[in-house]
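From a predicted model like this one, the values you see are computed outputs, not experimental measurements. Just the heavy atoms: all of them, side chains too, but no hydrogens, waters or symmetry mates, feed the values below.
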Amino acid sequence: MKDFIFTSESVSEGHPDKICDQISDAILDAYLTKDPLSRTAIETVVIPRRVFVFGEVLSSSNLTRQHLDQIIRERIRSIGYEDPSFDWRTVSIEMDLKTQSPDIARGVGEDDGAGDQGIMFGYATRENEALMPTPLYFAQTLLHRLAEARKEGLLSQLRPDAKCQFSVQYRDHQPVGTTAIVVSSQHIEDVNVEDVKALIWPYVEKILPEGWFCGDASFFVNPTGRFVIGGPESDTGLTGRKIIVDTYGGMAPHGGGAFSGKDPSKVDRSAAYMARYMAKNVVAAGLAERCTLQLSYAIGRADPTSFYINTHGTGLVPEERLATALRELIDLTPRGIRKKLDLSKPIYTRTAAYGHFGRKVDSDGGFSWEKLDLVEELKEAFL
């Protein structure tokens, strides 16, 4: 179909699942700060008044229980939870972190192999400056800006938990407007739904191009009429449950592996970052309007077991030639990916809300997979 409506969803940093992602990645960053080769697989669960942290760690970092406790509380505080049911100062924290299985560790350590088997996808599209699917780009941007305004005291009536959807009309594969916008935002007790809608509307208006608004009849804010009870009080949170929000909003395939809490030896994370890097540079170089890449790995083996590229009929060069060139330009072993994208730094907590892709590269190297430093080499090879 060339003409269609596509919808993507995002959730805020105060969503229970995203609380868990941020805690898991904050713990990962703490280990990487002390030992850049730390290996972690951290899972977090949140319920009212309680946080549970489980997983495996192999690191020379000797982080104390007290240190990890402080990291978790600081993450909850920064999100904004001071509710009686979930307060960063009083929440009960339970941990059970054990050593990584030696059967996994031997393949990674001895052979520099992948930390697990799996399939990973990367995607890019020439729809906006971020080279991301437009429905997800709007959804992530809106919730990020609402959170910033809330923390600055501009939206004190809103609370941390929120989610939204943007439905975008495409004509000939190009986005031309929105057909529906759904925003559910937690709020304080004495605010009604029309007040919440009035608070949110200016931020929606700012991110949409002129003429793109779906109309007030299709702009739904807190459709049930009330969203006071939110966060872990309303919904159990779990690390890794928002994999579509984290990637491409459903516009591209997903291999099934979550990111947060995993160090870069886990190709679920690092190879997905590399696949995005390659797809984005292909599109930015003008070699395709859209690009999907897939990589696959076997646990303990360094080289990928497959490499697939699809430019969806928009490519200027044969996909086989493009695949060959990319494999010649980039070392796709876990070690090569870690080195190319500089993934041994503590850069992961910031990825755990508002998407891992389509973000600006930080001055300290965060979001390095969003760099466009392969563009000139690709142009020289093909244009």
Side-chain angles (χ1 to χ4, degrees), residues 1-10 119-143 163-183 204-205 207-220 243-256 272 275-295 306-323 325-326 355-359 370 372 375 378-379 382-383:
M1 290 172 49
K2 293 184 177 181
D3 300 339
F4 55 91
I5 298 170
F6 197 88
T7 302
S8 292
E9 177 194 45
S10 182
I119 58 177
M120 305 85 206
F121 288 92
Y123 181 75
T125 175
R126 192 183 294 279
E127 294 182 19
N128 48 61
E129 61 181 3
L131 302 186
M132 288 288 289
T134 298
L136 183 65
Y137 177 71
F138 285 154
Q140 303 280 33
T141 302
L142 176 63
L143 289 185
K163 59 172 59 178
C164 74
Q165 292 177 182
F166 278 76
S167 299
V168 173
Q169 174 73 59
Y170 283 77
R171 294 201 182 106
D172 196 20
H173 290 293
Q174 293 301 310
V176 295
T178 60
T179 61
I181 300 170
V182 184
V183 184
V204 174
E205 186 178 31
I207 69 172
L208 290 178
E210 186 176 355
W212 276 50
F213 182 52
C214 56
D216 194 65
S218 298
F219 178 35
F220 305 99
I243 58 176
I244 300 302
V245 170
D246 284 344
T247 53
Y248 305 102
M251 187 70 81
H254 196 295
R276 162 64 177 175
Y277 171 76
M278 290 188 289
K280 184 177 182 181
N281 276 269
V282 166
V283 171
L287 298 177
E289 293 294 307
R290 289 179 287 141
C291 181
T292 300
L293 276 156
Q294 186 205 55
L295 298 169
S306 69
F307 184 106
Y308 163 83
I309 186 167
N310 184 353
T311 54
H312 307 278
T314 69
L316 298 184
V317 298
E319 290 161 344
E320 294 81 2
R321 287 184 58 202
L322 196 51
L326 288 168
H356 292 249
F357 307 124
R359 308 281 290 274
E370 295 295 318
L372 296 175
V375 166
L378 289 171
K379 286 182 176 180
F382 294 108
L383 299 179

In this structure, OG1 of T314 is separated from CZ of R126 (nearest 0.5 Å) by 9.0 Å
Practice prompt. Take the angle between the ring planes of W212 and F138 and call it parallel below 30°, perpendicular above 60°, tilted in between.
Written response: perpendicular
Worksheet entry | Any donor-acceptor N or O pair under 3.5 Å, side chains T311, E319 | yes
To the nearest 0.5 Å, atom CG of L287 lies from atom CG of L316 at 6.0 Å
Minimal heavy-atom distance between M1 and D3, with the atoms involved, is CE-O, 3.2 Å
Next item on the list: Kindly indicate, with the supporting measurements, whether the criterion side chain to side chain contact (heavy atoms under 4.5 Å, CB included) is fulfilled by T179 and S218.
Entry: CA-CA 7 Å; T179 61; S218 298; over 6 Å; no
Within the distance-only criterion (no hydrogens, no angle test), does the side chain of E289 pair as donor or acceptor with the backbone N or O of V283 below 3.5 angstrom? no
When you check the gap from the basic side-chain N to the acidic O, do E127 and R290 get nearer than 4.0 Å? no
Exam field: side chain D172 to backbone Q174, donor-acceptor pair closer than 3.5 Å
no
- Query: Between F6 and Y170, does a ring pair (Phe, Tyr, Trp, His ring centres under 6.0 Å) hold up when you go through it step by step?
  - Reply: CA-CA 8 Å; F6 197 88; Y170 283 77; 7.2 Å; no
Measuring only between side-chain heavy atoms, which start at C-beta, is E370 closer than 4.5 Å to L131? no
Taken to the nearest 0.5 Å, the spacing of T178 OG1 from I207 CD1 works out to 9.5 Å
inquiry  = Within the 4.5 Å heavy-atom criterion, are Y137 and T125 side-chain neighbours or not?
reply    = no
Correct closest heavy-atom pair for M251 and P133 would be CB-CG, 3.6 Å
- request: Dump the intermediate steps for ring pair (Phe, Tyr, Trp, His ring centres under 6.0 Å) on F357 and Y123, then the final yes or no.
  value: CA-CA 9 Å; F357 307 124; Y123 181 75; over 10 Å; no
*Is the backbone of V245 close enough, under 3.5 Å, to the side chain of Q140 for a donor and an acceptor to pair up by distance?*
yes
With the side chain counted from C-beta on, respond yes when L326 and L378 share a heavy-atom pair under 4.5 Å apart, and no when they do not. yes
Check whether any side-chain heavy atom of M120 lies under 4.5 Å from a side-chain heavy atom of R276, and answer yes or no.
no
* Report yes if the side chains of L208 and I181 come closer than 4.5 Å at any heavy-atom pair, otherwise no. => yes
T7 and P135 have their tightest heavy-atom pair at C-CB, 4.3 Å
In T141, L142, L136, the residue satisfying side-chain contact (heavy atoms from CB on, under 4.5 Å) with F166 is L142
Margin query: Show, in sequence, the C-alpha distance, side-chain angles and deciding distance for F220 and V183, and conclude whether the side chain to side chain contact (heavy atoms under 4.5 Å, CB included) test is met.
Written below: CA-CA 6 Å; F220 305 99; V183 184; over 6 Å; no
Rounding to 0.5 Å, atoms NE2 (H254) and CD1 (I244) come to a distance of 5.0 Å
Would you indicate whether the side-chain heavy atoms of Q294 and S306 approach each other to under 4.5 Å? yes
*Hey, is the main chain of A285 close enough, under 3.5 Å, to the side chain of K379 for a donor-acceptor pair?*
no
